[in-house]
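In what follows, a structure is listed as structure tokens, so that the remarks can point back to it.
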Amino acid sequence: MSHKIIIAIDGYSSCGKSTLAKALAAQLEYVFIDTGAMYRAVALYFLRNNISFNDEQAIATALNHITLQFSYNATTLKSDMILNNENVEAEIREMAVSAKVSEVAAIGAVRDFAVAQQQAMGHKKGIVMDGRDIGTVVFPDAALKIFVTADPAIRVQRRFLELQLTNPAITKQEIAANLQHRDLLDTTRERSPLRQAADAKVLDNSNMNRDEQFELALQWAVEKIREANNN
Ligand code: DC
């Protein structure tokens, strides 16, 4: 039987991490986990319930009332985020959540809450998980770590094309400001800042299409699975 491994994919916002992680998981018949969706769902709950990001007691109580689940959607071929039995997949991608999620993801109690669930999901291996701290904190022993980067202007353009479908009024300036803001908070926060793990393979996809980036990552994954089988 082929050994299953853990594949950790980290990188900046809107670099195509999820697209890559999803395609790899489908090809390898692994489970794909978008950890950003978990932080987004927590942020949505905090926004809806007016939880102050400085109020430790209110945060602890709120986290006790949050249940996060992924539910497979056969139309999009991806898992939707379920917050307390409600499908919030569309809402967590909106700008109102994007504008606040990095602040929420910087809260220690929120990270403890999310990381414990992520580690439990990796218990049986056979997962592709994308986020910011997967190779450094969640699974420091992951067999394959990929750090995805892309030119900032290209990231803005990709995100613009994606968001425009649901929000025709959105501007590139708005998106650029949001990405810069999130990059800054994600890389400078005290708890588990976004960092490239020392043993990560860097994938700069600025000049690659989806297929090219997929082929390269798949080659890395196949090598690592072969190594795991030989050990
Ligand atoms: O990948 P994303 O853009 O959906 O992530 C949303 C936010 O959550 C992002 O600003 C950083 C944060 N995040 C994190 O801190 N750690 C993770 N493992 C995943 C996301």
Side-chain angles (χ1 to χ4, degrees), residues 6-22 25 31-47 53 59 63 66 68 70 76 78-81 83 88-122 127-140 142 145-150 152 155-156 158-160 162-163 166 170 174-197 200 203 205:
I6 292 179
I7 301 177
I9 302 187
D10 290 303
Y12 298 96
S13 302
S14 298
C15 270
K17 297 184 301 297
S18 290
T19 307
L20 174 63
K22 185 175 134 184
V31 176
F32 159 58
I33 297 155
D34 169 6
T35 62
M38 300 171 74
Y39 292 100
R40 286 172 180 272
V42 173
L44 177 62
Y45 184 95
F46 284 11
L47 291 173
F53 300 168
I59 288 169
L63 291 174
I66 295 179
L68 302 179
F70 287 101
T76 59
K78 150 168 204 266
S79 290
D80 287 348
M81 185 76 237
L83 166 65
V88 292
E89 182 59 31
E91 202 172 345
I92 59 170
R93 309 289 163 190
E94 288 174 6
M95 264 300 183
V97 172
S98 294
K100 291 288 172 193
V101 62
S102 288
E103 280 174 64
V104 173
I107 300 169
V110 172
R111 300 209 72 80
D112 291 341
F113 172 82
V115 169
Q117 295 181 39
Q118 291 154 12
Q119 288 173 334
M121 291 173 198
I127 60 164
V128 185
M129 189 174 273
D130 91 73
R132 304 293 187 291
D133 59 341
I134 311 305
T136 51
V137 174
V138 182
F139 295 118
K145 300 178 187 178
I146 302 176
F147 191 84
V148 187
T149 70
R155 291 164 56 204
V156 170
R158 287 178 184 158
R159 191 90 180 129
F160 178 65
E162 189 183 313
L163 287 179
T166 50
I170 196 113
E174 210 178 327
I175 294 170
N178 176 253
L179 290 187
Q180 276 170 18
H181 174 68
R182 284 205 281 153
D183 284 355
L184 182 70
L185 292 185
D186 293 345
T187 52
T188 57
R189 68 175 176 231
E190 213 171 296
R191 278 286 304 272
S192 326
L194 168 62
R195 290 267 183 280
Q196 181 190 321
L203 199 165
N205 64 24

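The first residue in the sequence is number 1, and the count goes up from there. Atoms within a ligand are numbered from 1 in the order they appear, just like the ligands themselves.
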**Request:** Could you tell me whether the side chain of Asp186 and the main chain of Arg132 form a donor-acceptor pair under 3.5 Å?
**Result:** no

**Request:** Answer yes or no: is there a donor N or O on one side and an acceptor on the other, between the side chain of Lys145 and the main chain of Pro140, under 3.5 Å?
**Result:** yes

**Item:** Check: Arg189 N/O within less than 3.5 Å of ligand 1 N/O
**Value:**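 N/O-N/O distance under 3.5 Å: yes.
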
**Prompt:** Looking only at distance, does Tyr39 have an N or O less than 3.5 Å from an N or O of ligand 1?
**Reply:** no

**Message:** Need the ligand 1 atom indices (1-based, order shown) with element for anything under 4.0 Å from a heavy-atom of Gly131.
**Reply:**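 In order of number, 17 (C), 18 (N), 19 (C).
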
**Request:** Provide the number and element of each atom of ligand 1 under 4.0 Å from a heavy atom of Ala105.
**Result:** 12 (C), 15 (O)

Part of [X] with heavy atoms under 4.0 Å of ligand 1, whether side chain, backbone, both or neither:
X      : answer
Arg159 : neither
Arg182 : side chain
Arg40  : side chain

**Message:** Quick test of your reading: applying salt bridge (charged side-chain N to carboxylate O under 4.0 Å, His left out), list the pairs with at least one residue in residues 105-118, sequence neighbours left out, ordered by first then second residue.
**Reply:**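 Matches after skipping sequence neighbours: Arg111-Asp133, Asp112-Arg191.
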
**Message:** Measuring only between side-chain heavy atoms, which start at C-beta, is Val97 closer than 4.5 Å to Val88?
**Reply:** no

**Asp183 vs Ser13 side-chain heavy atoms within contact, under 4.5 Å** =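 When only atoms from C-beta onward are counted, Ser13 and Asp183 do touch, with a gap below 4.5 Å.
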
**Prompt:** Does ligand 1 have an atom that lies less than 4.0 angstrom from a heavy atom of Arg111?
**Reply:**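 Under 4.0 Å: yes for Arg111.
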
**Asked** For atom 19 (C) of ligand 1, what is the nearest protein heavy atom, given as residue, atom name and distance?
**Response** Thr35 OG1, 3.3 Å

**Asked** So which heavy atom in the protein is nearest atom 1 (O) of ligand 1, and how far is it from that ligand atom?
**Response**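 In this structure, atom 1 (O) of ligand 1 has Arg132 NH1, 2.9 Å as its nearest protein heavy atom.
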
**Request:** Under the salt bridge (charged side-chain N to carboxylate O under 4.0 Å, His left out) rule, what do Lys78 and Glu89 come out as? Steps first, then yes or no, please.
**Result:** CA-CA 10 Å; Lys78 150 168 204 266; Glu89 182 59 31; 3.4 Å; yes

**Complete:** CZ (Arg195) and OG1 (Thr136) are apart, to the nearest 0.5 Å, by 9.0 Å

